[in-house]
Trainee: 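Can you read through this structure? Questions will come right after.
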Protein chains: 2
Amino acid sequence: MLDLSNIISAMKLTTKEEDYLETIYLLSRDTDKVALTDIARERGVTLPTVFSALSRLKRNGMVTQPHYGKIALSSDGEKLGAEIFGTHRIIRRFLDEVLQLPADVAEATACRMEHGITIEAVKRLEMLINIMRNCDGKNAGCLMEYKERLHP
Amino acid sequence: MLDLSNIISAMKLTTKEEDYLETIYLLSRDTDKVALTDIARERGVTLPTVFSALSRLKRNGMVTQPHYGKIALSSDGEKLGAEIFGTHRIIRRFLDEVLQLPADVAEATACRMEHGITIEAVKRLEMLINIMRNCDGKNAGCLMEYKERLHP
DNA sequence: AAATAATATTAGATAAATCTAACATTGTCA
DNA sequence: TGACAATGTTAGATTTATCTAATATTATTT
């Protein structure tokens, strides 16, 4: 059977394009249509930078925008944005809940590591986190020992 | 106390500069002096690309090169190269030995993920790998369960 | 509705990272 | 040792990603 999600994943955006798409994805969960100013503020760049990044995302069919108007995600953009953010969440959880890094460090590091990991690796990472977090049984052992060694 | 390793780490190279430095570090373990051609072959780019990358690494004080001569790592380049490669090895071990990804996928993914992880996170990741790999005791439990769920 | 504020766009500059094509230097070997 | 091959350098183009300054459009507010 034809699996579109692989096609979407295979569309290789640059690291920065992925970052902008993720930002737009997050902003559009609140507002649906996203203003360039909000993207600029969120990513800490100037408006012309956002503008030119968006022209590349438009060319890739990830977003649409009427002249002088606000940004909307295409259905591809929606899917890929969700995928990128999903990856971000799993990596952040691993850094935070397993490696016990401070929340802000985990967040910042996840931003940098989320690019270039395969879907398969993300799935496995999630599986591992879930097994280790299941603290009822024996499997919490290594996480316990890790925490003990971390703060003796 | 003054810790120079942090100063070296703090020198922020671009992702690509780090990649070239790592390649040079690996090549110079065999030959000491490294030819541009070898770097180009290893990284799959053309000679002029290597040349211009090297001019940036020279500017950053990571490598030295006499006119029409071969590349040598500076002591900073040596230290940072070792650090980058060390990070690469730990991430690859995690992907390979823990997540059980195929060796080639683990290698390729490590190349992409190794940038932007902090030294602290790498240390913790190594600690976790070592605890999980210690298969004598109870701590292997979660790795066992992970493997079982992976290949039921 | 006109003035002002906010937002989006264009123009033009810079740096990184790549390429091809042309040229220079060094090394090898017949 | 001189020709040819290998290696390194320069020149010039392209794309991404960023900036500042100037301009255009839309929204708000008096």
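Protein chains get the first letters and strands the later ones, always in sequence-line order, with residue 1 at the start of each.
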Trainee: Does a side-chain N or O from A:Arg43 land closer than 4.0 Å to OP1 or OP2 of D:dA17, or not?
Mentor: no
Trainee: Is there side-chain contact between A:Thr109 and B:Glu120, with heavy atoms separated by less than 4.5 Å?
Mentor: no
Trainee: Name each donor-acceptor pair under 3.5 Å that joins a side chain in residues 99-107 of chain B to protein atoms two or more places apart or in another chain, with its distance.
Mentor:
{"unit_1": "B:Gln100", "atom_1": "NE2", "unit_2": "B:Glu97", "atom_2": "O", "d": "2.8"}
{"unit_1": "B:Glu107", "atom_1": "OE1", "unit_2": "B:His88", "atom_2": "NE2", "d": "3.2"}
{"unit_1": "B:Glu107", "atom_1": "OE1", "unit_2": "B:Arg92", "atom_2": "NH1", "d": "3.0"}
{"unit_1": "B:Glu107", "atom_1": "OE2", "unit_2": "B:His88", "atom_2": "NE2", "d": "3.1"}

Trainee: Think B:Thr49 has a side-chain N or O under 4.0 angstrom from the OP1 or OP2 of C:dC19?
Mentor: yes
Trainee: Over how many whole Å does the gap from A:Asn60 atom CG to D:dA17 atom C1' extend?
Mentor: 15 Å
Trainee: Whole angstroms only, please: what is the CD-C1' distance between B:Glu17 and C:dT18?
Mentor: 14 Å
Trainee: When the distance from CD1 of B:Ile39 to P of D:dT9 is rounded to whole Å, what number comes out?
Mentor: 11 Å
Trainee: Within the pair A:Arg56 and D:dT16, is there a side-chain N or O less than 4.0 Å away from OP1 or OP2?
Mentor: no
Trainee: Grab the CD1-C1' distance between B:Ile71 and D:dT7 for me, whole Å please.
Mentor: 12 Å
Trainee: Give the rounded distance in Å between these two atoms: NZ of B:Lys12 and P of C:dA15.
Mentor: 15 Å
Trainee: Can you identify which nucleotide, out of D:dT20, D:dT18, C:dT18, has its nearest atom closest to the A:Thr46 side chain?
Mentor: D:dT20
Trainee: Could you check whether any side-chain heavy atom of A:Leu125 comes within less than 4.5 Å of a side-chain heavy atom of A:Arg93, counting everything from C-beta outward?
Mentor: no
Trainee: Does A:Gln65 have any side-chain hydrogen bond (donor to acceptor under 3.5 Å, both in side chains) partners at least two apart in sequence or in another chain, and if so, which?
Mentor: A:Lys58
Trainee: Can you tell me if A:Ser74 uses its side chain to pair, donor with acceptor, with the backbone of A:Gly61 under 3.5 Å?
Mentor: yes
Trainee: Establish whether A:Tyr68 and A:Leu36 are linked, either directly or via other cluster members, by ILVMFWY side-chain heavy-atom contacts under 4.5 Å.
Mentor: no
Trainee: What distance do A:Leu27 atom CG and A:Glu42 atom CD have between them, rounded to the nearest 0.5 Å?
Mentor: 5.0 Å
Trainee: Dump the pairs, protein N or O against N or O of nucleotides 8-14 of chain C, anything under 3.5 Å, distances to one decimal.
Mentor:
{"unit_1": "C:dA8", "atom_1": "OP1", "unit_2": "A:Leu36", "atom_2": "N", "d": "3.3"}
{"unit_1": "C:dA8", "atom_1": "OP2", "unit_2": "A:Leu36", "atom_2": "N", "d": "3.2"}
{"unit_1": "C:dA8", "atom_1": "OP2", "unit_2": "A:Thr37", "atom_2": "N", "d": "2.8"}
{"unit_1": "C:dA8", "atom_1": "OP2", "unit_2": "A:Thr37", "atom_2": "OG1", "d": "2.6"}
{"unit_1": "C:dT9", "atom_1": "OP1", "unit_2": "A:Tyr68", "atom_2": "N", "d": "3.0"}
{"unit_1": "C:dT9", "atom_1": "OP2", "unit_2": "A:Gln65", "atom_2": "NE2", "d": "3.0"}

Trainee: For a quick check of understanding: with a heavy-atom distance under 4.0 Å over all strands, which category does A:Arg59 fall into, base, sugar-phosphate or nothing?
Mentor: sugar-phosphate
Trainee: Starting at CD of B:Glu18 and ending at C1' of C:dA17, how long is that distance when rounded to a whole Å?
Mentor: 15 Å
Trainee: Under 4.0 Å from OP1 or OP2 of D:dT18: is there any side-chain N or O of A:Ser52 that close?
Mentor: no
Trainee: With sugar-phosphate meaning primed atoms plus P, OP1 and OP2, does A:Val45 contact a base, only sugar-phosphate, or nothing at under 4.0 Å between heavy atoms?
Mentor: sugar-phosphate
